[in-house]
Amino acid sequence: MIKAILVFNNHGKPRLSKFYQYFNEELQQQIIKETFQLVSKRDDNVCNFLEGGSLIGGSDYKLIYRHYATLYFVFCVDSSESELGILDLIQVFVETLDKCFENVCELDLIFHVDKVHYILNELVMGGMVLETNMTEIITRIDDQNKLEKQEAGLAAAPARAVSAVKNMNLPQQIKDIKLPDLPAAIKDLKF
Amino acid sequence: MADAFGTDIPKLLVSGETMDVVKQSAALCLLRLFRTTQEIIPGGEWTSRIIHLLNEQHMGVVTAACSLIEALVKKNPDEYKGCVSLAVSRLSRPWALWLPEARYPPAGPLEGTLWTSTPAPWLSVKLLRLLQHYPPPEDPGVRGRLNECLDTILNKAQEPPKSKKVQHSNAKNAVLFEAISIIIHSDSEPNLLVRGCNQLGQFLSHRETNLRYLALETMCLLATSEFSHEAVKKHQETVINALKTERDVSVRQRAVDLLYAMCDRSNAEEIVQEMLNYLETADYSIREEMVLKVAILAEKYAQDYTWYVDVILNLIRIAGDYVSEEVWYRVIQIVVNREDVQGYAAKTVFEALQAPACHENMVKVGGYILGEFGNLIAGDSRSAPAVQFQLLHSKYHLCSPGTRALLLTTYIKFINLFPEIKTQIQDVLKSNSNLRSSDAELQQRASEYLHLSVITTTDVLATVLEEMPPFTEKESSILAVLKKKSGRMSAQEAQREARVQAREGNAAPAVEKTQTAQMNNSTSADLLGLSTPPANQNNTQSNTGVLVDVLGDLYGGGGSGGGSNTNTHNGTAAPSPASTSGATDNIKKFVCKNNGVLYENDIIQIGIKSEFRQNLGRIGIFYGNKTSMPLQAFCPSVSVGLAQQGKVTVQVKPVEPTIDAGAQVQQLVNCECVEDFTGLPDLIVSFTYANVPQRLALHLPLSINKFFEPTDMNGESFFARWKNLSAPSQEAQKIFKCSGAMETAAIKTKLLGFGMQLLEGIDPNPENFVCAAIIHTRTQQIGCLLRLEPNRQAQMYRLTIRASKESTSGILAELLAEQF
């Protein structure tokens with residue numbers, strides 16, 4: 001089971017944290033801090049698995065991480081997960097982010113936290129891996145985006161109605177009403 | 001919340017109409033709920049329906065179901081046994097069949113090439129993991145198919161990767177590693193094992209650090225299998241190389257683990273030497289573990305104990321700080337126990353101590369060994385007694401008090417071994433820094449040893465300071481430490497440890513661990529208490545003994561003096577409320593036991609011993625006079641109450657009317673159960689003590705459950721009988737809060753004491769207890785069945801009793817409920 005997914009930058013600033021097991025706020029911060037200290041001092045060419053970390057799980061606890069440019073992606077898992085599998089999952093996650101944001105960078109994670117969480121929710125649910133096929137994930141995210149846009153259309157409808165009413169300019173319209181020329185009509189009347 | 005959803009979600013999961021995505025989520029959700037509440041998963045037919053999820057078409061559902069089943073299997077392996085063959089058949093489906101719905105190209109159809117070599121790595125990994133919970137399948141067909149699959153996976157690994165991307169091979173290798181671990185797990189296919197080993201060997205020199213790490217880790221497991229042990233040894237060079245050149249600490253750590261695992265008699269010397277070499281430059285974080293491992297290997301595979309001594313002394317020299325107490329205790333134990341190495345050990349430590357800077361642990365070992373066996377090397381002029389003493393004493397000032405204390409003992413032993421340097425040593429003992437040391441232990445030792453050396457004759461000295469007797473051989477204490485340390489290691493590791501031991505032919509049960517822990521304590525006491533002169537110890541002991549005696553007398557006197565006071569006081573207010581409440585408490589306990597103290601106050605103690613057979617019973621009542629005066633007009637009487645009239649008969653033998661001071665008399669009561677009854681017969685004891693009449697109103701511990709005869713039966717007949725007794729009047733149910741802790745063992749004892757046969761493995765829920773018994777009365781036999789369901793969360797019990805006679809179940813439930 002995946003216990004937590006953490007993303008932080010080279011300075012240890014958390015960019016994304018998702019815990020699948022309950023920890024209180026304070027402990028979460030400690031876990032992030034500890035994980036950063038463990039991970040950040042490692043060279044880039046060492047292996048991506050790490051045992052240790054005292055705060056979650058104890059003995060049955062591994063960190064599997066990957067370092068991309070300015071960001072660390074760390075998955076905290078127990079021994080029931082395959083290391084290489086999780087490594088692959090990180091890759092899928094990152095590539096999906098890349099597809100969705102077009103050249104993803106740290107700022108994307110900051111400004112579109114909601115979207116990142118949506119993507120993560122497609123990938124992992126309740127600490128269990130849900131979907132690992134990237135195209136599938138992207139399709140779902142796209143569907144979601146479409147839905148969002150449609151809903152944005154619905155939400156705007158009343159406002160449009162109001163503005164339409166405002167722009168009507170009633171007096172002018174009354175003036176514009178064409179009435180038939182009565183005297184002439186009368187003249188035309190033949191008795 | 002788990003309860004609320006407990007019924008709906010499993011339905012969603014197995015229903016045919018549910019959408020695949022929903023099914024997948026339902027499986028994961030159920031897993032989540034299962035982790036919070038274990039009872040959530042319905043049993044019975046659901047089991048097979050859940051297992052059959054493995055046959056689903058949708059990959060996501062199968063993967064999710066796999067996770068769910070794996071969790072379930074952990075709790076209840078037998079119930080889900082059926083999943084093995086299904087999982088194997090799923091694995092062995094032609095790989096190509098999966099392609100149309102290959103949901104897993106990890107990076108999508110990149111560059112137009114569909115990534116096809118492993119269709120669903122996640123699923124394969126999950127299935128392989130699941131299979132690891134079971135022994136290799138017995139059915140040869142299933143087994144053959146599984147082996148075929150594993151073979152395919154190994155073959156696939158040989159194919160050159162289609163894509164250069166590392167990520168692609170990750171997935172493939174994930175499957176490969178799982179396949180290898182299942183091969184190791186089943187440990188029965190030598191062919192596959194060796195192939196797996198070769199594959200791992202390739203990975204050992206792979207460019208990817210991750211693969212090297214995993215290869216080392218997996219190989220550790222592999223090394224414990226007897227088939228592949230030799231194959232693993234082929235890679236020894238590579239591993240040692242990894243140890244030296246690897247840049248990553250965690251990989252080096254794995255290399256150490258592997259070396260430890262692959263070590264045997266043939267390569268022990270080489271491996272230990274390599275590890276020692278590496279230790280000098282090793283990372284601090286792994287030094288301690290390495291030291292332990294070296295120490296264990298050296299001991300386990302030592303053919304020649306001089307080699308062992310060398311290794312350990314080297315160890316102390318190189319990494320003294322990391323040598324724990326257990327390690328040097330152990331070397332001393334071995335030296336003491338083996339005469340052949342004692343001389344060599346003495347010589348080596350003497351040489352080692354000559355180094356200008358040597359570690360404190362070395363001083364400790366040196367001090368101890370020279371103290372015991374210094375005489376063996378004293379013949380040589382270079383290591384004459386005086387030289388030995390000077391050498392040790394030159395280190396004395398640099399050491400901590402603990403070591404100094406040990407050295408002082410060495411000195412006193414020297415006095416015995418070498419009388420010629422006695423004055424020299426006495427001077428040291430007399431020196432202010434010892435005799436007036438701020439450390440109490442040092443001060444005590446110095447003064448005691450000094451006086452010992454001055455006062456006693458050489459004979460006494462020789463006896464007191466005799467060589468230590470050999471230690472009793474037990475499992476190496478170091479191993480226990482390593483086990484303790486490796487608590488942080490994964491379960492896999494623990495399993496490996498167990499297998500190593502199994503291979504060594506001394507599978508150590510868990511008990512032994514505690515034993516060694518105890519032994520640790522005792523050795524430490526032995527070594528540090530070293531040879532504090534026994535005479536002295538006796539002295540202090542007897543001193544305190546006297547002190548206790550005096551106090552005891554004091555209290556005793558006071559007690560008896562005050563006792564008479566309280567007695568008279570008690571006497572006036574004949575059965576005082578306090579005493580009766582104590583009595584009722586005791587009587588409750590007797591429901592579940594036949595012997596014990598029924599009542600006790602300052603004057604009298606009443607004990608019970610009883611035995612029952614069929615509908616007859618015999619109760620012995622013991623009256624003990626605790627005072628120093630006789631009890632007069634002693635008259636106990638037993639009578640059946642109205643409730644029991646005609647249902648129980650009792651015959652009481654008369655007793656003497658006087659109980660002498662401190663004496664005990666016995667009264668026999670024969671009883672017979674005519675039919676089921678409630679309540680207890682009365683026992684009234686009256687006597688005069690110090691001319692004051694006393695009267696105790698008690699009860700005789702004779703309840704209906706005493707006439708139980710435990711009955712054994714199997715699950716089938718139990719349930720058949722249970723169903724037979726389904727009339728509502730035959731059943732009595734009680735739900736009540738527990739008053740104490742809910743310990744399984746305690747509950748069992750109570751149920752057994754209650755007199756029923758505990759039937760284990762019958763109730764599907766192992767937490768529950770079921771019992772059966774027959775009550776014998778003169779007129780009939782009453783069959784009784786019991787079911788006790790503890791609910792730990794709520795701290796409540798539900799007790800259900802069914803009996804063939806209607807009134808009995810209620811009586812029994814009443815009786816037993818009070819016991820929890």
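Letters go in sequence order (proteins before strands), and every chain restarts at 1.
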With rounding to the nearest 0.5 angstrom, report the [atom1] to [atom2] distance, [X] to [Y].
| X | Y | atom1 | atom2 | answer |
| --- | --- | --- | --- | --- |
| B:N173 | A:L84 | CG | CG | 6.0 Å |
| A:M125 | B:L28 | CE | CG | 4.5 Å |
| B:E208 | A:L87 | CD | CG | 8.5 Å |
| B:R129 | A:S79 | CZ | OG | 7.0 Å |
| B:L214 | A:C47 | CG | SG | 7.5 Å |

Exercise for the section: Verify the neighbour count for atom NZ of B:K75: are there more than 12 heavy atoms of other residues, nucleotides or ligands below 6.0 Å? Expected result: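 For B:K75, atom NZ is crowded (more than 12 foreign heavy atoms under 6.0 Å).
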Problem - A:N103, CG atom: more than 12 neighbouring heavy atoms under 6.0 Å - result: no
Closest non-hydrogen atom pair between [X] and [Y], with its separation:
| X | Y | result |
| --- | --- | --- |
| B:Q24 | A:L130 | NE2-O, 2.5 Å |
| B:E217 | A:E83 | OE1-OE2, 3.7 Å |
| A:S82 | B:V125 | CB-CG1, 3.7 Å |
| A:S80 | B:K74 | CB-NZ, 4.5 Å |

Fill in the blank from the handout: Ranked by heavy-atom pairs below 4.5 Å to chain B, first place among A:I90, A:V129, A:I138 goes to A:V129
Practice task
Please state whether the side chain, the backbone, both or neither of B:R212 comes within less than 4.5 Å of a heavy atom of chain A.
Solution key: neither
Practice task
For residues B:R32 and A:Y20, determine if any side-chain heavy atom of one lies less than 4.5 Å from a side-chain heavy atom of the other.
Solution key: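 A side-chain contact under 4.5 Å exists here.
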Exercise for the section: Side-chain contact test, heavy atoms from C-beta onward, threshold under 4.5 Å: evaluate it for A:E81 versus B:K126 and give yes or no. Expected result: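 With C-beta onward as the side chain, the pair touches.
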